[in-house]
Q: 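What follows is a single structure, and I will ask about it in a moment.
So that the names make sense, note that chain A is the first sequence line, chain B the second, and so on, each numbered from 1.
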Number of protein chains: 2
Amino acid sequence: MKNQKRTTIHDIARKLNIAASSVSRALNNSSKVSASTKELILKTAKELNYKQNFLAQNLRKGQNQTIGVVVPRINQNFFSNIIAGLEEVTYKNGYNLVICQSNESHEREVQCVETLIHQHVSCIVISISVEHTNDDHLKNVLAQGIQLIQFDRVAQDLETFKVINDNEQAATEAVSHMINQGYRRIALLEGPQNLAIFRQRKAGYLRALEQHRVPVVEELIIKNAWTKELGAKATRKLLSLPKPPDAVFASTSDFSALGVLEVANSMGFKVPDVLGVCGYSNEAFSEITTPSITTVDQYSKKMGKAIADLYFEEIKEAPNSTVYKTVSIKPKLIVRSSTQRKNIPG
Amino acid sequence: MKNQKRTTIHDIARKLNIAASSVSRALNNSSKVSASTKELILKTAKELNYKQNFLAQNLRKGQNQTIGVVVPRINQNFFSNIIAGLEEVTYKNGYNLVICQSNESHEREVQCVETLIHQHVSCIVISISVEHTNDDHLKNVLAQGIQLIQFDRVAQDLETFKVINDNEQAATEAVSHMINQGYRRIALLEGPQNLAIFRQRKAGYLRALEQHRVPVVEELIIKNAWTKELGAKATRKLLSLPKPPDAVFASTSDFSALGVLEVANSMGFKVPDVLGVCGYSNEAFSEITTPSITTVDQYSKKMGKAIADLYFEEIKEAPNSTVYKTVSIKPKLIVRSSTQRKNIPG
DNA sequence: CTGAAAGCGCTTACAG
DNA sequence: CTGAAAGCGCTTACAG
């Protein structure tokens, strides 16, 4: 049964005693074929179990109906939902998705991008790795005439299409909510500041403090605490201070917030009464921890769809446009137990 | 900058005043080119930023260096790790991965498979959906001369390559462990019995009871409790029985075990002292629940690699072999708090 | 070792 | 409306 020949348009043509070009036209529903022959061809194609050959089609047309995606990790909720959203729209449009993981390594990311360029995909959708140092590989994408859409973690200075969240606004809301719950010494766990999203979240934190006239305390701002382990480590340090914080905004992720939670629990700081905790990105687990974690939902699946829509509705239509649009999706604060005090002081 | 022409072997040939065939040979490192011209060609290729065209290559060779994967969901740990494992090996071999989700729908699964056949991928790697009703689409894959590897959730009767876990053995170990912890009325949350993996886990449960001469109690065996919600529902029912269970083996997943845990907590059944809970597949969250959940690790990343190795080391070499191998990976019981009693009765 | 030619399966101007 | 031909970018027997 194996390795049998697939039927081609020539098989159909031969059987029907017509030209292959007519078969091609009929299959593409061209108006330049009579309805009767078209019908006959379609019927025969079905009989012979004909499947068009993507490779030949794309080679001939000089395009590849494939979109490449590069994400740091596919097993984080945020990214897997992005992909689910992308998938829905791209498949509907007859395009394929090739997914690569950078594993947060810049080097691996460059490799992924090379592979995708190599395949001459129509468009590359990317969220850069935490190690991001330069934009050369992204510039190269553009230079090759391949469309580029950055999302979430974007290289700000590089002009491309972008789909992002308003991180600053979300962070401001999160911290304001904590202040309203009576927290006053709110620590910030920063992400690596080479990424714009983490700079923006820090800005949002500072803005909220300013708006509510809460003083900024430098020792409560911890750099580079963006994984569960680093979040835990930062928390051990914070909770050992002479004047420990009464809340922690883990601005990078729920993973980091989880680290906070575990250390707080083990050091006997009761969450949320003695210590408030807020995370970011609404990972599935944030709902099931004890207590559940207040976080920011980024509407990831919707974001994935927005990216694909951007490609199919705008970019594909005007591939030579140099007007780069940025789509911003408003995230939403999800208040859960970890910041809801029974008795709000003061 | 956009839509510029990519350099082809003819560009290199023209520049060097040689035949395109020689360029091709040099690029493929054929021995039929002199070392000096080879060097020259490679240098020029680099200068002109030449990238081979996959489409043309694959079309010419009559193959597509792509492997298709169909999984129920990519955002479950088990599957995302399988994919990470696959990725590692396939990229190393210069192959691409196209990933599809069936979303547990048989119809969608059939669609995914059609799309992949359509693309004439070299191999389809699949874990069937829970709705699995028939194997027609899989038979079709084989009929099209495309390699097929089933993993984890396999259609047992269909002869193909398979990479599986020894589910029965793992379930026996899990239940034996619970019996050793003094649990005697161990409920079973079954998965849909149309899937072999769930039949096997049930068999393992029954085997453990038999080995330890623990009587089987029919009312403690709950059908179709394979999601968090169904697990919760089943648990409400079980814990309301005149003689409730003293343990629950959520044989389907940690999601189901999580449902058990939440209901147990809210109904005041203390885990693990009053109620033992064991899940399956070692989702990331199972470590962070309160208490943490005993579960079975399936070595998912290793399994992903094993699948890819099977393809590259065996199937690809002997594509017409009809000897189908089954690779079995031994899963491992991970004992955590949810089954570790402080005082083992009796 | 090198070149000219055929062909993978398709689409699309060109002619009629 | 239909056909013959060229060509997308490559590889590979065939000849020399």
Side-chain angles (χ1 to χ4, degrees), chain A residues 3-42 44-45 48-66 94 117-122 144-145, chain B residues 3-42 44-45 48-66 94 117-122 144-145:
Chain A
N3 286 329
Q4 75 195 61
K5 276 272 185 359
R6 303 170 78 194
T7 67
T8 71
I9 54 170
H10 295 101
D11 297 323
I12 299 174
R14 205 175 310 122
K15 177 150 184 185
L16 258 32
N17 246 315
I18 54 176
S21 39
S22 292
V23 177
S24 172
R25 289 190 194 100
L27 259 16
N28 288 301
N29 204 18
S30 152
S31 58
K32 296 181 192 160
V33 205
S34 72
S36 58
T37 47
K38 188 185 286 183
E39 200 185 341
L40 195 59
I41 289 167
L42 262 28
T44 316
L48 299 182
N49 193 23
Y50 171 80
K51 309 270 178 190
Q52 64 186 140
N53 183 322
F54 268 145
L55 295 175
Q57 260 182 332
N58 288 335
L59 175 62
R60 180 53 232 252
K61 290 192 195 159
Q63 48 146 294
N64 188 349
Q65 301 208 3
T66 299
I117 290 176
H118 200 172
Q119 285 184 79
H120 205 47
V121 296
S122 299
Q144 298 282 337
Chain B
N3 285 327
Q4 77 195 55
K5 276 271 183 0
R6 304 170 77 193
T7 67
T8 70
I9 54 171
H10 295 102
D11 297 323
I12 299 173
R14 207 176 307 121
K15 177 151 187 188
L16 258 34
N17 247 315
I18 54 174
S21 39
S22 292
V23 177
S24 171
R25 289 192 194 99
L27 260 15
N28 289 300
N29 203 18
S30 153
S31 58
K32 297 179 190 161
V33 205
S34 73
S36 58
T37 46
K38 189 185 284 185
E39 200 185 340
L40 195 61
I41 289 168
L42 260 29
T44 316
L48 299 181
N49 192 22
Y50 171 79
K51 310 270 177 188
Q52 62 184 143
N53 183 321
F54 268 146
L55 294 175
Q57 261 183 329
N58 288 335
L59 175 61
R60 178 54 231 251
K61 291 193 195 157
Q63 47 146 295
N64 188 347
Q65 300 208 2
T66 300
I117 290 177
H118 201 170
Q119 284 184 80
H120 206 48
V121 296
S122 298
Q144 299 282 336

Q: Is the phosphate of D:dG3 approached by A:Ser22 (side-chain N or O, under 4.0 Å from OP1 or OP2)?
A: yes

Q: Please determine if a side-chain N or O atom of A:Thr8 lies less than 4.0 Å away from the OP1 or OP2 oxygen of C:dC8.
A: no

Q: Expressed as a whole number of angstroms, how long is the span from A:Lys61:NZ to D:dA6:C1'?
A: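 It is 18 Å, rounded to the nearest whole Å.
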
Q: What is the distance, rounded to the nearest whole Å, between atom CZ of B:Arg14 and atom C1' of C:dG3?
A: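 Rounding to the nearest Å, CZ of B:Arg14 and C1' of C:dG3 are 16 Å apart.
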
Q: Classify the nucleic acid contact of A:Phe54 as base, sugar-phosphate or nothing, counting any heavy atom under 4.0 Å across all strands shown.
A: nothing

Q: Does A:Gln63 have more than 12 heavy atoms from other residues, nucleotides or ligands lying within 6.0 Å of its CD?
A: yes

Q: Using whole Å, what does the distance between atom P of nucleotide C:dC1 and atom CG of B:Leu40 come to?
A: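 From B:Leu40 CG to C:dC1 P: 16 Å.
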
Q: Tell me the closest heavy-atom pair linking B:Ala26 and B:Leu42, and the distance in Å.
A: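 It is O-CD1, 4.0 Å.
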
Q: Taking the side chain from B:Asn53 and the backbone from B:Thr8, do they hold a donor-acceptor pair closer than 3.5 Å?
A: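 Not a single qualifying donor-acceptor pair exists.
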
Q: Using whole Å, report how far NE2 of B:His10 lies from P of C:dG3.
A: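 In whole Å, C:dG3 P lies 13 Å from B:His10 NE2.
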
Q: So which atom in A:Ala45 and which in A:Leu27 form the shortest heavy-atom distance, rounded to 0.1 Å?
A: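 Distance-wise, the nearest heavy atoms are CB-CD1, 4.3 Å.
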
Q: On DNA chain C, compare the nucleotides closest to A:Thr7 and B:Thr37; which residue's is nearer the 5' end?
A: B:Thr37

Q: Whole angstroms only, please: what is the CG-C1' distance between A:Leu27 and C:dC10?
A: 10 Å

Q: Ignoring the backbone of B:Ala19, work out which of C:dA4, D:dC10, D:dA4 is nearest its side chain.
A: C:dA4

Q: Select base, sugar-phosphate, or nothing to describe what B:Asn28 touches, counting heavy atoms under 4.0 Å on all strands.
A: sugar-phosphate

Q: Side chain of B:Arg25: nearest nucleotide among D:dT2, C:dT2, D:dC8?
A: C:dT2

Q: Across all strands shown, which nucleotide pairs with C:dA15 by Watson-Crick or G-U wobble geometry, both distances under 3.5 Å?
A: D:dT2

Q: Please give, in whole Å, the distance from C:dC8 C1' to B:Asn53 CG?
A: 13 Å

Q: Scan B:Ser21 against the nucleic acid and name what it touches under 4.0 Å (heavy atoms): base, sugar-phosphate only, or nothing.
A: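 Base contact.
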
Q: When the distance from CZ of B:Arg6 to C1' of D:dC10 is rounded to whole Å, what number comes out?
A: 12 Å

Q: Tell me the interatomic distance from B:Gln57, atom CD, to D:dC8, atom P, rounded to whole angstroms.
A: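 It is 17 Å, rounded to the nearest whole Å.
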
Q: So what does B:Ile18 hit on the nucleic acid, given a heavy-atom distance under 4.0 Å: a base, only sugar-phosphate, or nothing?
A: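 Sugar-phosphate, backbone atoms only, no base.
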
Q: Identify whether any heavy atom of A:Ser31 sits under 4.0 Å from a base atom; if not, whether one sits that close to sugar-phosphate; answer base, sugar-phosphate or nothing.
A: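 Sugar-phosphate: the residue A:Ser31, judged by heavy atoms under 4.0 Å, touches backbone atoms but no base.
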
Q: Can you tell me which nucleotide in D:dC10, C:dT2, C:dC10 comes closest to the side chain of A:Ala56?
A: C:dC10

Q: Please classify the nucleic acid contact of B:Ser24 as base, sugar-phosphate, or nothing, using heavy-atom distances under 4.0 Å.
A: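 The answer is base, as B:Ser24 lies within the cut-off (heavy atoms under 4.0 Å) of a base atom.
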
Q: Would you say the side-chain atoms of A:Lys38 pair up with the backbone N or O of A:Ser31, donor to acceptor, closer than 3.5 Å?
A: no

Q: Donor-acceptor check, side chain of A:Thr44 to backbone of A:Leu40, threshold 3.5 angstrom: yes or no?
A: yes

